[in-house]
There are 8 protein chains.
Amino acid sequence: MSYDRLTADNTAVLFVDHQTGLANGVQTQSPPEFINNVKALVTIAQIYKLPAVVTTSAHDGPNGPIIPVVEHGLPNAAIVHRPGQINAFDNEDFAAAVKKTGRKKLLIAGISTEVCVAFAALSAKHLGYDVYAVLDASGTWSKLVEDAAVARMVQAGIVPITWVAVGAELLGSWASPTGEAHAQLMGDHLPFSANNMAGYLSAKGASR
Amino acid sequence: MSYDRLTADNTAVLFVDHQTGLANGVQTQSPPEFINNVKALVTIAQIYKLPAVVTTSAHDGPNGPIIPVVEHGLPNAAIVHRPGQINAFDNEDFAAAVKKTGRKKLLIAGISTEVCVAFAALSAKHLGYDVYAVLDASGTWSKLVEDAAVARMVQAGIVPITWVAVGAELLGSWASPTGEAHAQLMGDHLPFSANNMAGYLSAKGASR
Amino acid sequence: MSYDRLTADNTAVLFVDHQTGLANGVQTQSPPEFINNVKALVTIAQIYKLPAVVTTSAHDGPNGPIIPVVEHGLPNAAIVHRPGQINAFDNEDFAAAVKKTGRKKLLIAGISTEVCVAFAALSAKHLGYDVYAVLDASGTWSKLVEDAAVARMVQAGIVPITWVAVGAELLGSWASPTGEAHAQLMGDHLPFSANNMAGYLSAKGASR
Amino acid sequence: MSYDRLTADNTAVLFVDHQTGLANGVQTQSPPEFINNVKALVTIAQIYKLPAVVTTSAHDGPNGPIIPVVEHGLPNAAIVHRPGQINAFDNEDFAAAVKKTGRKKLLIAGISTEVCVAFAALSAKHLGYDVYAVLDASGTWSKLVEDAAVARMVQAGIVPITWVAVGAELLGSWASPTGEAHAQLMGDHLPFSANNMAGYLSAKGASR
Amino acid sequence: MSYDRLTADNTAVLFVDHQTGLANGVQTQSPPEFINNVKALVTIAQIYKLPAVVTTSAHDGPNGPIIPVVEHGLPNAAIVHRPGQINAFDNEDFAAAVKKTGRKKLLIAGISTEVCVAFAALSAKHLGYDVYAVLDASGTWSKLVEDAAVARMVQAGIVPITWVAVGAELLGSWASPTGEAHAQLMGDHLPFSANNMAGYLSAKGASR
Amino acid sequence: MSYDRLTADNTAVLFVDHQTGLANGVQTQSPPEFINNVKALVTIAQIYKLPAVVTTSAHDGPNGPIIPVVEHGLPNAAIVHRPGQINAFDNEDFAAAVKKTGRKKLLIAGISTEVCVAFAALSAKHLGYDVYAVLDASGTWSKLVEDAAVARMVQAGIVPITWVAVGAELLGSWASPTGEAHAQLMGDHLPFSANNMAGYLSAKGASR
Amino acid sequence: MSYDRLTADNTAVLFVDHQTGLANGVQTQSPPEFINNVKALVTIAQIYKLPAVVTTSAHDGPNGPIIPVVEHGLPNAAIVHRPGQINAFDNEDFAAAVKKTGRKKLLIAGISTEVCVAFAALSAKHLGYDVYAVLDASGTWSKLVEDAAVARMVQAGIVPITWVAVGAELLGSWASPTGEAHAQLMGDHLPFSANNMAGYLSAKGASR
Amino acid sequence: MSYDRLTADNTAVLFVDHQTGLANGVQTQSPPEFINNVKALVTIAQIYKLPAVVTTSAHDGPNGPIIPVVEHGLPNAAIVHRPGQINAFDNEDFAAAVKKTGRKKLLIAGISTEVCVAFAALSAKHLGYDVYAVLDASGTWSKLVEDAAVARMVQAGIVPITWVAVGAELLGSWASPTGEAHAQLMGDHLPFSANNMAGYLSAKGASR
C-alpha cells in the first residue's frame, strides 16, 4: 500500500467513557448526530472484528452506565471499569487490555474529547502506538473546547479522523468480503446513502 | 380541556413527498437530525393510530420512492401517487383520502417546507381544517427558504409545531395507556431521554 | 402607567419542569447561560416577592428532581408534583395554586419551551390570564424547535419576554425600594454590569 | 382552486434595482447563491411569460447598470430608469408600467430588501395589489437588516416567498405545458435536482 | 404618497441610554458594526434636522456618560437625565420633550433593545404615536433577547426598521436638497457604497 | 520564481468521485456554492490545458454517474472507472494515468474530502508528488468531518488550497496569453468580479 | 506517567490582565460562559494550591481593577501591577515572581488572548518553560482574532488547553485527596455535572 | 527581549491590492469590521513610522483605485502599480521597494487573503524575510477560502497575526513616546476601549 494504513489486522478501537451521564454533557454535535456517529463506529468494530476495549469512569455513580449502543453493540469487548483514574492508560488493566490486542494502531473515541480522548491518545502515542482520534464519535462541552483539544492532539502527532474515513480505510475495496455489510453501515448512518440506494433500485425497477 | 387540542380522535397526519430524491435536497437540518425527526412523527402516528395519508410526486421518476422509514412505518396509510399536481389538495384522490379520515385537525409534514407543506397547508386551511405544520419532520433547501415558508404559514393562521409537542399534546398524561410506548418513542428519538432512563435505572440498582 | 405592565402586585411566576434530567436536554443555550438565566428569574421572584408555583413531571423518575437553583431559591413556592399530566393546567392542584396567587399576569418558564411552557401558556391564555413566556429561563432540544414554539405562542397572543425585561418592568425605577437588590441581581447575572460597577468605584476612588 | 394563487394570468414580476454596484453590497447570501436565485426568478418570468418591469436607480452612476442576468434574461421587460425616486412607485412611469400589466398579483424582488423591495411592496399593498416579496432573489447588507425588513413586510400583510414556491405555484402541475421547461429550471438552479435526474437516467439505462 | 411615511416634518428621533457602560454589554452586533450604525442614525438626524431627544439612566454612575458619537453628533438635542425611571416615558420631562417636538412618528433606538427601546416604544404606541424601533442602532445582551424583544414589539404593532430604510424613507428622492449629504452618509457608513463611488469616479477619469 | 509554484507545465488535476449521488451528500457548502466551485476548477483545467484524470467509484450503481459539469467540461480527460477500490491510487489504471501525465504537482478534488481526497492525497504524497487539496471543489457530510480531513492532510504536508488561488498561481500575470480567458473565469464564478467589470465598462461609457 | 503532565507540584498559573474594563471587550464567549470559565480556573488554583501570579496593566486607569472573581479567589497570589509593559515578562517583578514559583510548567490565561496571553506565552516558551494557554479562561475581541492567536501559539509549540483538561490532568484520579473538592468544582462550573449528581442521588433515594 | 519581536526599527508593512473593486468581494468580515481593521493597520504604520509599500493590480481597470483609507492614510508610502503580476514579488519594482525599506520583518495585508497575501508571504518567506500575515486587515470571498489560506501560510512558517497584536508588539510599553497616539488608535478602532476611557473620565470627574 502506498501509505501506512488502518487495516482489520493492525487496528484496535478504544471507547473511553461513553456513559449516559457524560453523553448528556455533549454540546459539540446535536444528540441525534452524536449517537448516530458513535453507533457507526461500533458497527465498524463489528464488521471488521476489531478488538475493542471499553472503559468507564465511576460507572456506578452519576457518570452513569455505558450507553446502550456501545454496551450492546460490542458484546465481546474487554470492559475495564476504572475506579478513579482519569487517563485510561493510568489503569493497569486497561493498558494491559490494549496491549493484549496486539495491535499497533489505536482508534480512540470518548467523552470528553479533551480529557478522555486526548489524555489516552497522548499516553498511547508516548507508548509507541499509532494513534487516531475519532472525532465525530467523541464529544465535549463546547466548540471552543473541542477545537483546543484537536489542536493539542494534532500538535502531538495524533491523527484526526472521522468514522467514514476509518471505515473506508479498513474496507479498502468494495469488492472485499465486508463490502455488503459496509454498504449497510453507510446506508444506516449516512441517510443520503440509503436514499441513493433506494432511488437507484427504484429507477432500475422502473425501467423494466 | 383549557384550549382546543390535538387528540387521537380529532387528528390525521399527512406525509407529503418524503421521497428519497427530495430528501437529498434538504439542507435545513443535518441528515441524521432530519431522518430522526421524520421517524418520530411516523411512530407517533403508529402509537396514536392516527389516520395517515401519504402522497408522492412522480415517485417513479427522479424524485424517487417514499423513504423507507415512512413507507415501512405506515403500512396502513392511504397512499396517493400524484401524477403531477404539486399541491396535494389539487389531487382529488388525496383530498378525498384526507376527508375520509373524518378528522378536523391535520398535521402536515413534507419536503419541501415552502412547497409541499405550505401549499397543502394553505389549501387545508381554506377548506376549514385546523392545520399544523410539523416543521422538524419537514425540510427544504436553505434556512432562508424555511424561514420564509414559516412566516407565510404563520401569517395565514397555520400553527407551527414540532414532533415532541405533537406527541405530548396527543399523550396528555403519562398515565394514559400509550404512556409506555410514548416513553420508548422519546428514548429512541431524543437521546438524552434514553440516557436519563438508563442512568436512573442504574442508580436505582446501585443502591440496592 | 402608559401601558399595562408587570408589577409586583399583579404578577405570579410559574416554573414548569426545571428538573435535572430535562435540563440536560437543553441545546438552545449553553449550560452556563441557561443556568444563569434561570437563577436570575428565581432571584427576581425573591426580590419582588412574586408568588411562585413550581411544578414537576415525574420527579422521582428519570426526569429527576427540581434543579437546586430553583428548589433552594424559592423556599416559599407552592410545589405541585404532577403524577402524569403534561400540561400543568390539566393538574387541578396546579391550576388551583395558580388561581390562589390572585394574580392576573403570569410569567411562565420551563423545560421544554414547546411543551411545558407553550402548553401551560396556551391554557393560561384560554383561562383569561395575561401570559408572558420567559424565553431565556426556558430551553429546549434545538433552535428549530424553539423558534417554532415562540412563533406558535406569539400567534396565540402570548408575550415573549426575557428576564432582564421582566425585572426592569417590575422595578420601574431605580429609586424604588428594591433598587439595591436589583442592582445586585444585574451584577450577578449580567457580568458586564458588575464590571461597570467595579470599574466605576475604582475610578472614583482613584481620583480621590 | 382551494386558495387564491399565483397564476401565469394574474401575476407580474418587478425587479427593483438589481444593479451591479448594489449587488456588491449584498451580505445576506453568498454571491453564488444570490445570483443563482435571481437567475431562477428571471427564468420563471420567461417560462410563464409574466409581464416584467425592471427599474433602476441612477444606473449611470456608481450604482451601476442592471446585472447582466436580469438585463439579458428579460429582453421584453419594461425598463424604467428612475432619476432619483427611491420608492419605485413614486415614479409615475414605473407605476404606470406596473398598472399596464393588468395583473393583480405582484412579485417583487430587489436590492436592497428593506428599501427597494419593502418600499415598493408597501406602496403596492396600499394601491390594492396582492404583494409577494421574493426574498431569495433579493438581498441586503446584513442578516439583522433582512430580518427587520421581513418582519415589517409581514406585519403589513405582504406575503414572504422564495423562487421555488413562486415557480411551483405557477406551474400547478407537472403535466402542464410548461412542465419540461420547469424541470430544466429546477435542474439548473437546484443542483440536487439535476443530480437526481442524471442518477435516475443512469440507473434506468444501467438496468437495460 | 402611496402609504404613510416617515418625512422630515413628521418624525422625531429618540436615543435612549446610549451610554458607555451599557454599550459594553451589547453582544448582538460586533462593536464596530454597532457604533457604525448608531453614528449613521445620528447623522440622519442631522441631515433631516429631526428633533432629537436624548435620555440617560444614571449617567453619573456605572452606566456611564452618553457615548461621544451621540453626544457630539446631536448638539441641539434635548437631553433628559433620568434619575431612576427605566421606561423613559415615566419621566415627565422626557415625555414633555417628546411631545414638544410636535411629531407624530417616533424613531426609537437604545440600549438595551428589550428594555430601553421596547418599554419606550410600548408607551409611545399607547400614547398614540406611530412608533418605529431602529434595530441596528440598538443592541442588547444576546441574540435570544433581541429576537424576543422584536417579536414583542411587532406583536404590539411597532414597526421594525433599520437606519438605511429610515434614511431612504426620509430622503424620498436623490434629487431632493439633502441628496448630496445623504450620499456622503451612505459612503461613510456602508463601505461598499464608498467603494462604488470611488471606482466609478476612477473609471470615468480613466476613460478621458 | 521566488518559491516553488504551480504552473501549467508541472501540474495535473485529479477529480475523484464527483458523482451525482455523492454530490447530494455534500453539506459543507450550499449546493450552488459547491457546483460553482467545481465548475471553476474544471474551467481552470481547460484554460491551462492541465492533464486531468477523472475517476469514479461504482458509477453504474447508486453513487451515480459523473456530474455533468465535470464530464462535459473535460472531454479529453482520462477516465478511470474503479470497480471497487476506495483509494484511487489502489487502482493501477488510475495510478498509471496520473503517472502518464508526467506532472510533479497534483491538484486533487473530490467527494468526499476525508475519503476520496484525503486517501488519494496521502498516497500521492507517499509516492513523491507535491500534493494540493482543492478544498472548495471538494465536499463532505459535515463541517466537523471537513475540519478533521483538512487537519489530517495539513499534518501530512499536503497543501490546502482553493480554486481562485490555484488559478492565480497558474496565471502568474494578467499579461499572459490566458489572461482574457482567466478574466472570464473570474467573472463567471466570482459574481462580484463580473459586477465590477460591468460597472467599470458602464462608467467608462458614461463619461464619453 | 506515560507522558509529561501537569501536576500540582510542577505547575504555576498566571492570570494576565483579567480587568473589568478589558473583560467588557471580550466577544469570543458570552459573558456568562467567560466568567464561569475564569472562575473555574481560579478554583483549580485553590484546590491544587498552585502558585499564582496575577498581573494588571494600568489597573488604576480605564482598564479597571482586577475582576472580583480573580481578586477574591486568589488571596495568596503574587500581584504585579505593571506600569506600562504590555508583555508581562518585560516587567522584572513579574518575571521574578514567576521564577520564584519554582515551577516548570506555566498555565497562562488572560485578556486578550492574542496580546496578553500570546506575548507572555511566547516569552515564557523562550525562557524555557513548558507553556499552556488556557483558552476558555481567556478572551478577545472576535473569533477571527482568537483563531489567529491560537494558530500563532500552536505554531510556536505552546499547548492549547481548557480548564476541564487542566483540572483533570492535575487531579489524575478521583481517588486522590482532592477528589471531593474537584467534584464540587465540576458541579459548580459544568451544570450538566451537577444535574447528573442530583439526579443520581435522587434515584438512589427513590429506590430505598 | 525574551523573543524575537516586531519593533518600529525592524518592521515594514505591505498593503497588497486594497482596491475598491476587490474590497467589495470580501465576505469574511462585515464591511464595517473590515474597513475598521484596515484603518487601524494604516494608523499603526503612521504612529510607528513603518516604511510602507502599497501595491495595486490593474488599478485603472475594474479592480478600482486604492481604497481611500489606505491611499490618504499613507501619503509617504511607496506605491507600485503592477501591470499584471499577481504575486507582488514578481514585480521588480515592488521587490526593490520592499528591499529598500531595509527591514527584516514584513507585515502583509491584502485582498484577497489566499492570493495577494499568501503569494506575497510565501515569496517573502522564501527570500528570507520574517513574514506576518495580518489577517483582520485582509479579506477574501468565503470563510472556507480564508481558513485554507491561513492553514497554508501557517504550514509554511508564516506567522498569523491581527492588528491589535501588531500594535501592541510595536508599542512594547504604554510608557513609550507613542503611548498617547496608541491609546487614541485603540479608542478609535476598538469601541469598548473608547467607552472605558469615557466612563473612567466621567467617574473620576463625578467623584470630585
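Proteins get letters first, then strands, A, B, ... in listed order; numbering begins at 1 in each. Below, each value reflects all heavy atoms present in this structure, side chains not excepted, and no hydrogens, waters or symmetry copies.
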Exercise. Measure C:N37 against the heavy atoms of chain G and call it side chain, backbone, both or neither at under 4.5 Å.
Key: neither
Quiz item: How close do C:P65 and G:G199 get, heavy atom to heavy atom, and via which atoms?
Solution: CD-CA, 3.9 Å
Exercise. Going by the side-chain contact (heavy atoms from CB on, under 4.5 Å) test, name the single residue among C:I35, C:L190, C:N36 that passes it with G:P32.
Key: C:N36
Quiz prompt | Minimum heavy-atom distance between G:E33 and C:S30, given as atom pair plus value | solution = OE2-OG, 2.7 Å
Quiz item: Relative to chain G, which segment of C:N24 carries a heavy atom at a distance below 4.5 Å: side chain, backbone, both, or neither?
Solution: both
Exercise. Kindly check if the number of other-residue, nucleotide or ligand heavy atoms within 6.0 Å of NZ (C:K105) is above 12?
Key: yes
Quiz item: If you measure from CE on C:M197 to OG1 on G:T20, what distance do you get to the nearest 0.5 Å?
Solution: 12.0 Å
